[in-house]
Number of protein chains: 2
Amino acid sequence: MTRKAVNLKMLSEALGLSQTTVSRALNGFPEVSEKTRARVVEAAERLNYRPSPSAASLATGKSRLIGHVVSLSAHIMINPHFADFIAGAGEVYSESGYDILLRLAPLEEQERIYHNLAQDQRVDGVVVHGPLTNDRRIGILNALGLPFVVHGRSDEEGRDYAWMDVNNRRAFHRATEFLVDLGHRRIALVNGIEAMNFAARRRQGYETALAERGIALDETLMFSGDMTEPQGYRATRELLALGEPPTAILVASVLPAMGIARALGEAGLRPGPDMSVVAFDDCLSFLEPIDTDAPRDIPYFTAMRSSIREAGKRVARMLLDRIDDPQRPLESELWEADFVVGQTTAPPSRR
Amino acid sequence: MTRKAVNLKMLSEALGLSQTTVSRALNGFPEVSEKTRARVVEAAERLNYRPSPSAASLATGKSRLIGHVVSLSAHIMINPHFADFIAGAGEVYSESGYDILLRLAPLEEQERIYHNLAQDQRVDGVVVHGPLTNDRRIGILNALGLPFVVHGRSDEEGRDYAWMDVNNRRAFHRATEFLVDLGHRRIALVNGIEAMNFAARRRQGYETALAERGIALDETLMFSGDMTEPQGYRATRELLALGEPPTAILVASVLPAMGIARALGEAGLRPGPDMSVVAFDDCLSFLEPIDTDAPRDIPYFTAMRSSIREAGKRVARMLLDRIDDPQRPLESELWEADFVVGQTTAPPSRR
DNA sequence: TTGTATGCGTTATCAG
DNA sequence: CTGATAACGCATACAA
């Protein structure tokens, strides 16, 4: 057991080679002979040599850290959704020898933070979470030249940045049509915060579908806010208190959907027969059985479904690709959500 | 706008001082005169000087990074609980200029990872999540001399490491007593994975309380597994199918508690009147209304309650203190959970 | 294919 | 109170 960690100098001396050659051998440079490379690799293994990250970082300017700056303050949308996204991303990072640098900061500080992160060369790239419509962070990051990928989109075109998004508009369009086809005409929307682009798109899909079917919008049926369980609960109580309550609810996450189910239960109503509920389902892992061998239950909520964890993986890959080659053309990817019919939708009940 | 980031050399030349003096002034060394310090600080501000983290890290051996190594594989208990814990911890780190280094890795790799993290000096300290009974990570970390704090405990004494824990045993003891006092005698337990110390303690509290009241244990009423919504749902379906179902359920998290509520609802039973439910409530933020000005609802679940986010803050503080002074005596802290009576408990119903 | 010399941007040691 | 100078551990341009 060696007392002190062995560094490049010690390793090269032990091998009777120069630090240069050893470094090159370890970093896979082509000009080193396979024979020496084998020797070097063996010795490095045996002596338990590990390059110092800070020294390497100082020399190369690369930190092998990916920045994830998230706000806790207002948009707790981040909470369980974020955990699943990061789980997917982290898996990809690990395979490539990167780590996550996680920084919690209010949205209004994030521009300054990106600036500092770039100047300090603390991270090799960042993921932008929860983009607003016309999000200022994107312009800043482009100006800084820091590689980044946006989870979601910030504007209509999505041209001057790399992004991966779910087709939120189409998902909500389809779901609305599905409900209309079932015979519903009063359909409520319990949405996320509409300053966030994904929520704005969802509303567009909903409104467009209603308009196409000749159904007038009713502001009293539309809610926007943080996607928590109480949000769904409260919205439902308000909806049930209306003179003419809706017969169906579209909801932006299974979290408020659970609040909806609770409020309905308290009112003696059953999701499905008495009130249709369609949720956007991010496949949050704490809602899934762990044992995937077990027979799948019939899904409870009728849902638009897209795994946020898979999204995390994809975004991470895209970012690592950009870091490897910052000049590569901007990529973008739009995923369609599945539409899964569960137990919470039915034709409107006659009450 | 300066094109290139200004470094210590440039700053010192601009000031007509040596790098040494500038460095000392900036790092608050006592021997530098207040007058020069003021000059230096002003110039640093004006020229937008920021010390390079990797250079500082190379020179000092400190990375200003705190390691959080979490497993995704088996124990997804971590998922939403983890997000809230990290939100609390991150807040504290930010105030002190630390960042989180997040690494996802299966439990069996974590020992090696800690070893590497320490040897590489990649982090200044780590938080141990989800300790098992007799968790090997603790011995490893002590041997490595890497500062760490355990969230939870690994053994009875909790002597040779710093920890912060909730009194899980007492919480479940009290909850069990509460149910017995209401008249319940068949009380089910839907627990977390009992290899994890917190879950083992919870079971102890439950078993002890039953024994004290002369109630025999019934294995068919006890479940252990990942704390997901389906866990609660499935356990409840099994319980309801028993010849003699329980009249009350103790559950380790509000997540499975929601599954319990769903299964009861489907069976036409109401939590409270038909089946008492007591949950451990970590005050997960996605279950709380964001707007804290709003009048608080009457809590839904009767619950043992302790904020995991506050725990995150406390653990972070303890760790930063240890990093500042690794020789300080080992601290530990045991929090009592609140017991809050909600709408899901009542005397056993006559069916 | 391998080696020499230098730079990366700090902090720390030791003089003055 | 201030300043040269030497680490810190690696990568790389330039030589050989």
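Since this is a predicted model, take the numbers as computed values, not measurements. Letters A, B, ... are given to chains in the order of the sequence lines, protein chains preceding strands, and every chain is numbered from 1.
Taking atom CG of residue A/Leu17 and atom P of nucleotide D/dA16, one finds them 20 Å apart after rounding to whole Å. Note: CE (B/Met10) to C1' (C/dC8) measures 14 Å, nearest angstrom. Summarising the geometry, the separation between CG on A/Leu11 and P on D/dA11 is reported as 12 Å, rounded to the nearest angstrom. Distance B/Lys9 NZ to C/dT10 C1': 13 Å, rounded to the nearest Å. For B/Leu58 and D/dA6, the CG to P distance is 17 Å, given to the nearest whole Å. Straight-line distance from the CD atom of B/Glu13 to the C1' atom of D/dG3: 14 Å, rounded to whole Å. C/dT2 atom C1' lies 12 Å from atom CZ of A/Arg39, rounded to whole Å. B/Arg64 has its CZ atom 15 Å from the P atom of C/dT10, to the nearest Å.
Put simply, the side chain of B/Arg322 gets close to the backbone of B/Arg328: a donor and an acceptor are under 3.5 Å apart. Checking side-chain atoms of B/Asn7 against main-chain N and O of B/Lys9 turns up a donor-acceptor pair under 3.5 Å.
Across every non-hydrogen atom of B/Ala43 and B/Leu15, the tightest pair is CB-CD2, 3.7 Å. Contact detail for B/Leu47 and B/Ala14: the closest heavy-atom pair is CD1-CB, 4.1 Å. In this structure, B/Ser63 and A/Arg122 approach most closely via the heavy-atom pair O-NH2, 2.7 Å.
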What protein N or O atoms touch nucleotides 11-13 of chain C N or O atoms at under 3.5 angstrom, if any, and at what distances?
| from | atom 1 | to | atom 2 | distance (Å) |
| --- | --- | --- | --- | --- |
| C/dT11 | OP1 | B/Asn27 | ND2 | 3.2 |
| C/dT11 | OP2 | B/Ser23 | OG | 2.6 |
| C/dA12 | N6 | B/Thr20 | OG1 | 3.3 |

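Counting only N and O atoms by type, the side chains of A/Thr36 and A/Ser33 include a donor and acceptor under 3.5 Å apart.
Side-chain N/O atoms of B/Ser18 include none lying less than 4.0 angstrom from OP1 or OP2 on D/dA4. Between B/Ser57 and C/dT10 there is no side-chain polar atom (N or O) within less than 4.0 angstrom of OP1 or OP2.
Comparing C/dG3, D/dG9, D/dG3 by their nearest atom to the side chain of A/Ser52 picks out D/dG9. Counting only heavy atoms from C-beta on, A/Asn7 has its side chain closest to D/dC10 among C/dT10, D/dC10, D/dT2.
Using a 4.0 Å heavy-atom distance criterion, B/Ser54 is classed as making no nucleic acid contact. No contact: A/Arg37 has no heavy atom under 4.0 Å from any strand.
The side chain to side chain contact (heavy atoms under 4.5 Å, CB included) test applied to A/Ala56 returns no partner, not counting sequence neighbours.
Ring geometry for A/His129 versus A/Phe82: interplanar angle over 60°, hence perpendicular rather than tilted (30 to 60°).
Ring pair A/Tyr93/A/His68: centre-to-centre distance below 6.0 Å.
Rounded to 10 degrees, the angle between the two end axes of the helix from C/dT1-D/dA16 to C/dG16-D/dC1 is 30°, with five pairs used at each end.
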